[in-house]
Number of protein chains: 2
Amino acid sequence: MGTLTVGEVARDSGVSGSAVRFYERQGLITAARTGGNQRRFDADAACRIRVARVAQRVGLTVNEIRDLLAALPPDPQLADWQGLHDRLTAEAERRIRDLHAALDDIGSGRRLCDL
Amino acid sequence: MGTLTVGEVARDSGVSGSAVRFYERQGLITAARTGGNQRRFDADAACRIRVARVAQRVGLTVNEIRDLLAALPPDPQLADWQGLHDRLTAEAERRIRDLHAALDDIGSGRRLCDL
DNA sequence: CTAGGACTTGAACTAATGGTGAAGTCAATG
DNA sequence: CATTGACTTCACCATTAGTTCAAGTCCTAG
């Protein structure tokens, strides 16, 4: 139904109010509006934001996180969160593989430079 | 002594001429000047740029790469390049550890969110 | 010696990233 | 009904890594 204000979601998720509004603009979270045009969020908003913060640590941009969270239906079930978890894990592992590939290039037979 | 022009270094390193000038401005490479004020680079310039590109893949910013390359003396020996290699490797591994830590947080007992 | 391609500078511009701040409006309480 | 804190929008900020432009200079091959 949407009962939480920007400030409450900010507190619950640990980000600033301006960040909450930013995330809504970017489509990471959605809000209903009061008669006076104020945002009202569902309980899962803070939750989505916490996921978004983890995703940022993994290296995803806000745009990529929007796409990731788009897979999450309204009123998500455990399996939905699990799916997100799996995607994030896969992404982190992909990035780890990329770094290993860079390491391989660095350490491969040919030197960084042949002086 | 410095015999290579911007264009030659660009060709040898695989970046654009404007990027070569940018890297010099940022202190990743240094250049001598002709009487007519044109840049002349040593043979290791392209080499440093190739190192810089690998460092970018590892996730270093140009500023960080400047600091990294600052450790490289003029006319570097094999051991100097080896030192760079080690530092880059350490940095990549640090980033891999950070990703693993994020993975641990994702997968740890507490769910992404407790719905 | 001259033509023209490669070079010079500095500033403006691009494009993405992740927000913040100012000025003004709303809403709940005493 | 007035205060005060939370809310609104939109413009703006700072960083990152360059690119582009104009107007002019250099240098090398013929």
Side-chain angles (χ1 to χ4, degrees), chain A residues 1-42 45-46 48-70 91 95 102, chain B residues 1-42 45-46 48-70 91 95 102:
Chain A
M1 52 195 313
T3 57
L4 302 169
T5 66
V6 166
E8 286 162 341
V9 171
R11 180 176 37 68
D12 293 355
S13 64
V15 303
S16 67
S18 63
V20 171
R21 284 184 283 274
F22 175 71
Y23 293 150
E24 191 219 2
R25 245 186 301 135
Q26 299 300 316
L28 274 61
I29 51 180
T30 56
R33 293 295 179 137
T34 66
N37 195 37
Q38 295 196 353
R39 293 169 181 83
R40 288 299 180 269
F41 296 93
D42 288 328
R48 294 170 76 104
I49 291 176
R50 280 195 296 272
V51 172
R53 302 306 290 195
V54 173
Q56 284 190 322
R57 282 177 59 201
V58 171
L60 297 187
T61 66
V62 168
N63 263 277
E64 292 166 334
I65 295 170
R66 179 185 16 62
D67 296 344
L68 186 72
L69 288 175
E91 185 60 31
R95 283 166 198 255
Chain B
M1 54 197 313
T3 57
L4 302 168
T5 67
V6 166
E8 287 162 341
V9 171
R11 181 176 36 67
D12 293 356
S13 63
V15 305
S16 66
S18 63
V20 170
R21 282 186 281 273
F22 175 72
Y23 292 150
E24 191 217 2
R25 244 183 304 134
Q26 299 301 315
L28 275 62
I29 50 180
T30 57
R33 294 295 178 134
T34 66
N37 195 37
Q38 294 196 355
R39 292 170 182 84
R40 288 297 181 270
F41 296 93
D42 288 328
R48 294 170 77 104
I49 291 177
R50 281 195 296 272
V51 172
R53 304 306 291 197
V54 173
Q56 285 190 322
R57 282 176 60 199
V58 170
L60 298 187
T61 66
V62 168
N63 263 278
E64 291 166 334
I65 295 169
R66 180 185 15 66
D67 295 344
L68 186 71
L69 288 176
E91 184 59 32
R95 283 166 198 254

Engineer: To the side chain of A/Ala19, which of C/dG19, D/dC27, C/dT8 is closest?
Structural biologist: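 Out of C/dG19, D/dC27, C/dT8, the nucleotide with an atom closest to A/Ala19's side chain is C/dG19.
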Engineer: In whole Å, what is the span from the CD1 atom of B/Ile29 to the P atom of D/dG18?
Structural biologist: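 One finds 12 Å between P of D/dG18 and CD1 of B/Ile29, rounded.
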Engineer: B/Gln38 CD to C/dC7 P: how many Å, rounded?
Structural biologist: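 My rounded result for the distance is 7 Å.
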Engineer: Starting at the 5' end of DNA chain C, which residue's closest nucleotide do you reach first, A/Arg21 or A/Asn37?
Structural biologist: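 Looking at the nearest nucleotide for each, A/Arg21 comes out on the 5' side.
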Engineer: What is the distance, rounded to the nearest whole Å, between atom CD of A/Glu64 and atom P of C/dT17?
Structural biologist: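 Computing the A/Glu64:CD to C/dT17:P distance gives 8 Å.
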Engineer: Does OP1 or OP2 of C/dT20 have a side-chain N or O of A/Arg25 closer than 4.0 Å?
Structural biologist: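 For C/dT20, neither OP1 nor OP2 has a side-chain N or O of A/Arg25 closer than 4.0 Å.
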Engineer: Is B/Arg39 near enough to D/dT25 that one of its side-chain N or O atoms lies under 4.0 angstrom from OP1 or OP2?
Structural biologist: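 The answer is no; no side-chain N or O of B/Arg39 sits under 4.0 Å from OP1 or OP2.
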Engineer: Starting at CZ of A/Arg66 and ending at C1' of C/dG18, how long is that distance when rounded to a whole Å?
Structural biologist: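 Answer to the nearest Å: 14 Å.
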Engineer: Can you tell me which nucleotide in C/dT9, D/dC27, C/dC26 comes closest to the side chain of B/Arg33?
Structural biologist: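 Nearest listed nucleotide: C/dT9.
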Engineer: Less than 4.0 angstrom between a side-chain N/O of B/Gln56 and OP1 or OP2 of D/dG18, yes or no?
Structural biologist: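 Yes, B/Gln56 has a side-chain N/O under 4.0 Å of OP1/OP2 on D/dG18.
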Engineer: Is any side-chain heavy atom of B/Thr5 closer than 4.5 Å to a side-chain heavy atom of B/Arg40?
Structural biologist: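 When only atoms from C-beta onward are counted, B/Arg40 and B/Thr5 do touch, with a gap below 4.5 Å.
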Engineer: Quick one: B/Phe22 CZ to C/dC13 C1', roughly how many Å, whole number?
Structural biologist: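 Atom CZ in B/Phe22 sits about 14 Å away from atom C1' in C/dC13.
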Engineer: Using heavy atoms to find the nearest nucleotide of DNA chain D for B/Val62 and A/Glu24 separately, return the residue whose nucleotide is more 5′.
Structural biologist: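 Whichever sits nearer the 5' end wins; that is A/Glu24.
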Engineer: Nearest-Å distance, CG (A/Leu4) to C1' (D/dA6)?
Structural biologist: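 Distance, rounded to whole Å: 14 Å.
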Engineer: Do the side-chain N or O atoms of B/Thr61 get closer than 4.0 angstrom to the phosphate oxygens (OP1, OP2) of D/dT15?
Structural biologist: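 No, B/Thr61 has no side-chain N/O under 4.0 Å of OP1/OP2 on D/dT15.
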Engineer: Taking atom P of C/dT20 as reference, at what distance in whole Å does atom CD of A/Gln26 sit?
Structural biologist: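 Checked: the CD to P distance equals 13 Å.
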Engineer: Base, sugar-phosphate alone, or nothing: which one does B/Arg11 contact when heavy atoms must sit under 4.0 Å apart?
Structural biologist: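 Since no nucleic acid heavy atom lies under 4.0 Å of B/Arg11, the category is nothing.
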Engineer: Which heavy atom in B/Ile29 sits nearest to a heavy atom in B/Ala45, and how many Å separate them?
Structural biologist: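 In this case the closest contact between B/Ile29 and B/Ala45 is CG2-O, 3.9 Å.
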Engineer: Between A/Asn63 and C/dT17, does any side-chain N or O lie under 4.0 Å from OP1 or OP2?
Structural biologist: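 Looking at the OP1 and OP2 atoms of C/dT17, one of them is under 4.0 Å from a side-chain N or O of A/Asn63.
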Engineer: Can you tell me how far C1' of D/dT15 sits from CD1 of B/Ile65, to the nearest Å?
Structural biologist: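 Value for this atom pair: 15 Å.
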Engineer: Please check the phosphate of D/dT20 (OP1 and OP2 only) for any side-chain N or O of B/Ser18 closer than 4.0 Å.
Structural biologist: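 It does not, given that no N or O in the side chain of B/Ser18 lies less than 4.0 Å from OP1 or OP2 of D/dT20.
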Engineer: DNA chain C: A/Leu60 or B/Gly7, which has the more 5' nearest nucleotide?
Structural biologist: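 The residue whose closest nucleotide sits nearer the 5' end is B/Gly7.
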Engineer: So, OP1 or OP2 of C/dC7: does either fall under 4.0 Å of a side-chain N or O from B/Thr5?
Structural biologist: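 Yes, because at least one side-chain N or O of B/Thr5 sits under 4.0 Å from OP1 or OP2 of C/dC7.
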Engineer: So do A/Gln56 and A/Ile65 actually touch side chain to side chain, heavy atoms under 4.5 Å?
Structural biologist: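 Side-chain contact under 4.5 Å: yes.
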Engineer: How long is the straight-line distance from CZ of B/Arg33 back to CZ of B/Arg39, given to the nearest 0.5 Å?
Structural biologist: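 So the CZ of B/Arg39 and the CZ of B/Arg33 are separated by 4.0 Å.
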Engineer: Between B/Val20 and B/Phe41, is there a side-chain heavy-atom distance shorter than 4.5 Å?
Structural biologist: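 Yes, side chains in contact.
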Engineer: OP1, OP2 of D/dG18 versus side-chain N and O of B/Arg53: anything below 4.0 Å?
Structural biologist: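 The answer is yes; a side-chain N or O of B/Arg53 sits under 4.0 Å from OP1 or OP2.
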Engineer: Are OP1 or OP2 of C/dG18 and a side-chain N or O of A/Tyr23 less than 4.0 angstrom apart?
Structural biologist: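 Result: no.
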Engineer: What I'd like to find out is whether the side chain of B/Thr61 reaches to under 4.5 Å of the side chain of B/Arg66, using heavy atoms alone.
Structural biologist: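 The answer is no, as the side chains (C-beta and beyond) never meet within the 4.5 Å cut-off.
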